[in-house]
Amino acid sequence: DAKTTQPPSMDCAEGRAANLPCNHSTISGNEYVYWYRQIHSQGPQYIIHGLKNNETNEMASLIITEDRKSSTLILPHATLRDTAVYYCIVRVDYGQNFVFGPGTRLSVLP
Amino acid sequence: DTEVTQTPKHLVMGMTNKKSLKCEQHMGHRAMYWYKQKAKKPPELMFVYSYEKLSINESVPSRFSPECPNSSLLNLHLHALQPEDSALYLCASSQGGRGLNEKLFFGSGTQLSVL
């Protein structure tokens with residue numbers, strides 16, 4: 001399974017876009033990229049996932065580079081409630097081993 | 001109902017005790033997972049059950065014993081734990097179809113302290 005790397009922490013001003021990067025340079029063609037977040041002492045919450053196309057839902061957008069070696073999670077208008085640890089995960093197609101990356105602690109500042 | 005329910009929320013046990021963690025979901029999911037999370041670290045996969053059969057065991061010590069009585073329930077039996085086993089234990093479920101739209105749904109976890 002591919003390994004991921006993420007910056008340990010980031011700050012973002014409330015109301016601005018938060019751009020969280022993830023490097024997965026050893027990703028294989030059949031591995032998906034997932035993003036989850038975890039607010040203190042709660043279980044991780046699903047945000048978004050994709051294979052090679054950019055994806056958008058009501059929570060966020062996922063931009064995957066053409067070579068698929070990195071991706072960016074975008075929270076378009078960050079709020080204080082978006083303060084959390086954000087995990088980038090790769091998962092093999094037809095696999096059940098969701099391998100969490102180290103995570104980025106995002107602090108949204110007023 | 002999109003909830004995964006874990007009980008108890010907190011557990012303190014001695015090294016000679018036997019205890020069990022419980023997890024339940026009613027989403028019709030056929031895959032269930034146990035993860036262990038130490039403070040300020042990402043969750044680490046322990047076990048996966050798929051269609052009530054153990055499909056992944058990430059070389060977990062035998063003092064942790066999983067059980068899947070049916071597709072809605074998942075237990076983790078604990079015996080002779082060590083203080084370093086203190087952690088947040090997370091249960092998750094997924095549809096079990098293994099395809100593109102497979103997603104994990106997590107419970108809130110059991111915070112375990114071993115004295």
Side-chain angles (χ1 to χ4, degrees), chain A residues 1-9 20 22-24 28-53 55 57-60 62 64 84-107, chain B residues 2-7 9-10 21 23 25 27 29-51 53-59 68 74 87-112:
Chain A
D1 293 344
K3 294 288 189 289
T4 61
T5 57
Q6 300 177 251
S9 64
L20 294 98
C22 179
N23 185 297
H24 30 80
S28 301
N30 63 344
E31 290 184 314
Y32 297 92
V33 179
Y34 286 71
W35 284 84
Y36 277 73
R37 73 180 183 185
Q38 187 173 26
I39 296 169
H40 182 62
S41 297
Q42 296 182 19
Q45 175 193 21
Y46 168 82
I47 302 173
I48 199 167
H49 75 286
L51 181 62
K52 53 184 177 181
N53 297 323
E55 302 287 345
N57 64 20
E58 65 279 2
M59 289 183 70
L62 173 60
I64 302 175
V85 178
Y86 287 76
Y87 292 105
C88 175
I89 299 167
V90 293
R91 172 193 157 246
V92 176
D93 189 15
Y94 288 92
Q96 292 175 316
N97 197 344
F98 289 73
V99 179
F100 281 71
T104 295
R105 184 171 299 276
L106 175 68
S107 298
Chain B
T2 58
E3 274 196 6
V4 175
T5 303
Q6 290 188 244
T7 56
K9 293 194 182 306
H10 301 275
L21 309 185
C23 176
Q25 56 87 15
M27 294 179 278
H29 288 174
R30 302 309 300 271
M32 296 188 78
Y33 307 69
W34 281 115
Y35 280 82
K36 173 182 177 179
Q37 186 175 26
K38 301 284 278 184
K40 300 190 186 301
K41 297 290 188 183
E44 296 179 358
L45 183 65
M46 300 175 72
F47 303 104
V48 180
Y49 273 84
S50 180
Y51 291 79
K53 291 190 183 337
L54 185 65
S55 59
I56 295 178
N57 177 344
E58 291 288 359
S59 302
C68 189
L74 184 66
L88 181 67
Y89 288 84
L90 293 161
C91 173
S93 68
S94 68
Q95 285 184 330
R98 297 179 179 244
L100 169 62
N101 289 317
E102 194 72 353
K103 300 173 198 171
L104 293 179
F105 291 78
F106 281 88
S108 296
T110 294
Q111 186 65 55
L112 174 68

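Sequence lines set the chain letters: A, B, ... in the order given, protein chains first and strands last, and positions in each chain run from 1. All heavy atoms count here, side chains included; hydrogens, waters and symmetry mates do not.
- Taken from CG in A:N97 to CG in B:L45, the straight-line distance is 5.0 Å, to the nearest 0.5 Å.
- Residues A:Y46 and B:L104 approach most closely at CB-O, 4.4 Å, considering heavy atoms.
- Using a 4.5 Å cut-off between heavy atoms, B:Q37 contacts chain A through its side chain alone, with no backbone atom that close.
- The neighbour count for A:R105 CZ, taken as heavy atoms of other residues, nucleotides or ligands under 6.0 Å away, does not exceed 12.
- Within the 4.5 angstrom heavy-atom criterion, no atom of B:Q111 approaches chain A.
- Of all heavy-atom pairs between B:S55 and A:Q96, the closest is OG-OE1, 3.3 Å.
- In this structure, B:E44 places its CD atom where only 12 or fewer heavy-atom neighbours from other residues, nucleotides or ligands lie under 6.0 Å away.
- For the atom pair CZ of A:F98 and CD of B:E102, the computed distance is 5.5 Å after rounding to the nearest 0.5 Å.
- Only the backbone of A:P102 comes within less than 4.5 Å of a heavy atom of chain B; no side-chain atom from C-beta onward does.
- Using a 4.5 Å cut-off between heavy atoms, A:Y34 touches chain B through its side chain atoms alone.
- When every heavy atom of A:G101 is checked against every heavy atom of B:P42, the shortest pair comes out as O-CB, 3.2 Å.
- Residues B:L88 and A:Q38 come closest through the heavy atom pair CD2-NE2, 4.3 Å.
- Nearest heavy-atom pair, B:L90 versus A:G43, reported as atom, atom and distance to 0.1 Å: CD2-CA, 3.9 Å.
- Counting non-hydrogen atoms of neighbouring residues, nucleotides and ligands closer than 6.0 angstrom, the NZ atom of A:K52 reaches no more than 12 such neighbours.
- Neither the backbone nor the side chain of A:Q45 comes within contact range of chain B, judged by heavy atoms closer than 4.5 Å.
- Checked options A:Y36, A:F100, A:Y87; the residue passing with B:Y35 is A:F100 (criterion: ring-ring contact (aromatic ring centres under 6.0 Å, His included)).
- B:K103 contributes atom NZ, which lies 12.5 Å from atom CD1 of A:I47 (distance to the nearest 0.5 angstrom).
- Here B:S50 is the residue among B:S50, B:A31, B:C91 with the most heavy-atom pairs under 4.5 Å with chain A.
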